[in-house]
Chemist: 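If you scroll down you'll find the structure; I have some questions about it.
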Amino acid sequence: MLLLGALLLLLALPSHGQYTTQGPPLPKGACAGWMAGVPGHPGHNGTPGRDGRDGTPGEKGEKGDPGLVGPKGDTGETGITGIEGPRGFPGVPGRKGEPGESAYVFRSAFSVGLETRVTVPNVPIRFTKIFYNQQNHYDGTTGKFLCNIPGLYYFSYHITVYLKDVKVSLYKNDKALLFTHDQFQDRNVDQASGSVLLYLDKGDQVWLQVYEGENHNGVYADNVHDSTFTGFLLYHNIE
C-alpha cells in the first residue's frame with residue numbers, strides 16, 4: 001500500500017523543466033537545481049501585410065501660389081468655317097456728315113449772232129451779237145473761239161441765206177473740217193446749218209469762214225433774220 005501511494009504521488013508531480021497549466025511558473029529561486037536555457041535565434045521576418053484601406057479624404061487645403069508661365073504653344077490648325085448666322089437688325093443711323101467741298105465745274109460755252117449782213121470771204125466771220133459768252137472764250141474782234149479747257153466740244157451754226165449762194169466752212173487751226181453749201185433761190189430766204197463734235201487741246205481755235213469768193217457770200221442777217229454760231233464743252237480732260 002505504501003508503494004502504491006508513493007507511485008501515485010510521483011505521477012501527480014510535474015515532469016522536469018515543465019510547469020502545470022494551473023498557476024504561474026515557479027520563480028528562478030524556487031528550486032536550487034533550476035538552470036536557464038540558452039536564448040534562441042531571432043526568427044525570420046514575416047511576409048509584408050496587405051495595403052490598408054484608403055483613409056478618409058482630408059480637408060481642402062489653401063490655394064497655392066501661381067506657377068511660372070509656360071512657353072507659348074504652337075498655333076493650331078484653322079478650324080472649319082461655321083454656318084453663317086442669321087441677319088441682325090438694322091443699326092441706328094449715324095449722324096449726318098459735314099458738307100464736303102463742292103467739286104469744281106469746268107465751263108466753256110458761247111452763243112453769238114451776226115449783226116450785219118456784211119461779211120468778208122476767206123476770213124473768219126465776226127459774230128458780234130453776244131447771246132452768251134460768260135467765260136469770254138469767244139473773241140468778237142477776231143470771230144474765233146479759243147480753247148482754254150481741253151476736252152470734247154460741240155459746235156453748231158445756223159446761216160440765213162439771201163441774195164447769193166452760200167459756202168461756209170468750220171475751221172480748226174487753219175484747217176477746214178466741215179463744209180455747208182446752199183443755193184439761193186430768187187425772191188426767197190433760205191437757211192443752211194451744220195454741227196460737229198471736236199476734241200480740242202488748250203490753245204486750239206475754231207471759227208466759221210466763207211470760202212470760194214464773193215459769189216458764195218450770201219450770209220445774211222437783219223432785225224428778223226439771224227445767222228448764229230454756238231459752241232460748248234461737253235466734258236473736260238484735265239489731268
Chemist: Are F232 and Y153 connected, step by step, through hydrophobic side chains (Ile, Leu, Val, Met, Phe, Trp, Tyr) whose heavy atoms are closer than 4.5 Å?
Modeler: no

Chemist: What is the ring orientation for Y138 with F229, classed by angle as parallel under 30°, tilted 30 to 60°, or perpendicular over 60°?
Modeler: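 The arrangement is perpendicular - the two ring planes meet at more than 60°.
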
Chemist: Which value, rounded to the nearest 0.5 Å, describes the distance between T56 atom OG1 and D54 atom CG?
Modeler: 9.5 Å

Chemist: With hydrophobic residues grouped by side-chain heavy-atom distances under 4.5 Å, do L178 and I159 end up in a single group?
Modeler: yes

Chemist: Please give me the minimum heavy-atom distance between G113 and F131, naming the atom from each residue.
Modeler: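 Taking G113 first and F131 second, the nearest heavy atoms are N-CE1, 3.6 Å.
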
Chemist: Mind running side-chain contact (heavy atoms from CB on, under 4.5 Å) on Q134 and N136 for me, showing each step along the way?
Modeler: CA-CA 5 Å; Q134 186 173 355; N136 293 317; over 6 Å; no

Chemist: Please confirm whether the ring centroid of F110 lies under 6.0 Å from the ring centroid of F145.
Modeler: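 That pair passes the under 6.0 Å test.
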
Chemist: Just to verify, what does K129 make a salt bridge (Lys or Arg N to Asp or Glu O under 4.0 Å) with, not counting sequence neighbours?
Modeler: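 Partners of K129 by the salt bridge (Lys or Arg N to Asp or Glu O under 4.0 Å) criterion, ordered by chain and then number, come out as D226.
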
Chemist: In terms of side-chain heavy atoms, does D204 have a donor or acceptor partner in Y199 at a distance below 3.5 Å?
Modeler: no

Chemist: Would you confirm whether D222, through its side chain, and Y220, through its main-chain N or O, come within 3.5 Å as a donor-acceptor pair?
Modeler: no

Chemist: Using the rule that two of Ile, Leu, Val, Met, Phe, Trp, Tyr join whenever any of their side-chain heavy atoms come within less than 4.5 Å, decide whether I149 and L200 are in one cluster.
Modeler: yes

Chemist: Report whether V123 and V210 are members of the same hydrophobic cluster (ILVMFWY, side-chain heavy atoms less than 4.5 Å apart, transitive linking).
Modeler: no

Chemist: With distance as the sole test, does R126 use its side chain to make a donor-acceptor pair with the main-chain N or O of T141 at under 3.5 Å?
Modeler: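 At least one qualifying donor-acceptor pair exists.
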
Chemist: Return the NZ to OG1 distance between K144 and T142, rounded to the nearest 0.5 Å.
Modeler: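 Here the interatomic distance stands at 6.5 Å.
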
Chemist: Establish, from distance only, whether the side-chain atoms of W207 and Q209 form a donor-acceptor pair under 3.5 Å.
Modeler: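 Their side chains do contain a donor-acceptor pair, which is all the 3.5 Å distance test asks for.
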
Chemist: Specify the closest pair of heavy atoms between C147 and D201, including all atoms of both residues, with the distance to one decimal.
Modeler: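 Smallest interatomic distance, heavy atoms only, reads SG-O, 3.3 Å.
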
Chemist: When rounded to the nearest 0.5 angstrom, what distance separates CD1 in I125 from OG1 in T119?
Modeler: 5.5 Å

Chemist: Check whether any side-chain N or O of S111 sits under 3.5 Å from a backbone N or O of Y132 as a donor-acceptor pair, and report yes or no.
Modeler: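 Not a single qualifying donor-acceptor pair exists.
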
Chemist: Treating Ile, Leu, Val, Met, Phe, Trp and Tyr as nodes and any side-chain heavy-atom pair under 4.5 angstrom as an edge, say whether L233 and L198 lie in one connected cluster.
Modeler: yes

Chemist: Heavy atoms only: give me the nearest S195-Y154 pair and the separation to one decimal.
Modeler: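 Closest heavy-atom pair between S195 and Y154: CB-OH, 3.3 Å.
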
Chemist: What residues, two or more places apart in sequence or in another chain, satisfy salt bridge (Lys or Arg N to Asp or Glu O under 4.0 Å) together with D182?
Modeler: none

Chemist: Is the centre of the Y211 ring less than 6.0 Å from the centre of the F179 ring?
Modeler: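 Aromatic pair counts; centres sit under 6.0 Å.
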
Chemist: Taking everything shown except Q183 itself, do over 12 heavy atoms lie less than 6.0 Å from its CD?
Modeler: no

Chemist: Under a 3.5 Å cutoff, is there a donor and acceptor pairing between the side chains of H137 and S108?
Modeler: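 A donor-acceptor contact under 3.5 Å links the two side chains.
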
Chemist: Not counting sequence neighbours, which residues clear salt bridge (Lys or Arg N to Asp or Glu O under 4.0 Å) with K164? List them please.
Modeler: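 Result, salt bridge (Lys or Arg N to Asp or Glu O under 4.0 Å) vs K164: E214.
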
Chemist: Take H225 and V189 through the side-chain contact (heavy atoms from CB on, under 4.5 Å) test and state the conclusion after the steps.
Modeler: CA-CA 9 Å; H225 298 92; V189 176; 3.9 Å; yes

Chemist: Indicate the ring-plane relationship of F184 and Y162, choosing parallel, tilted or perpendicular according to the 30° and 60° boundaries.
Modeler: perpendicular

Chemist: Please name the pair of heavy atoms, one in T160 and one in S227, separated by the smallest distance, quoted to 0.1 Å.
Modeler: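 In terms of heavy atoms, the two residues are closest at N-OG, 3.0 Å.
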
Chemist: Applying side-chain hydrogen bond (donor to acceptor under 3.5 Å, both in side chains) between Y157 and each of T180, T228, T230, report the one that passes.
Modeler: T180

Chemist: Any chance you could measure D139, atom CG, to Q205, atom CD, to the nearest 0.5 Å?
Modeler: 9.0 Å

Chemist: Looking at NZ of K202 and NE2 of H236, how far apart are the two atoms once the value is rounded to the nearest 0.5 Å?
Modeler: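 Those atoms lie 13.5 Å apart.
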
Chemist: Yes or no on ring-ring contact (aromatic ring centres under 6.0 Å, His included) for F106 and Y235, after CA distance, side-chain angles and deciding distance?
Modeler: CA-CA 8 Å; F106 295 91; Y235 64 84; over 10 Å; no

Chemist: Going from OG on S169 to CD on E212, what distance comes out if it is rounded to the nearest 0.5 angstrom?
Modeler: 8.5 Å

Chemist: Between L114 and V219, is the side-chain contact (heavy atoms from CB on, under 4.5 Å) condition met? List the steps.
Modeler: CA-CA 9 Å; L114 197 64; V219 179; 3.7 Å; yes

Chemist: For a side-chain contact (heavy atoms from CB on, under 4.5 Å) with F155, tell me which candidate from V196, L197, L208, L177 qualifies.
Modeler: V196

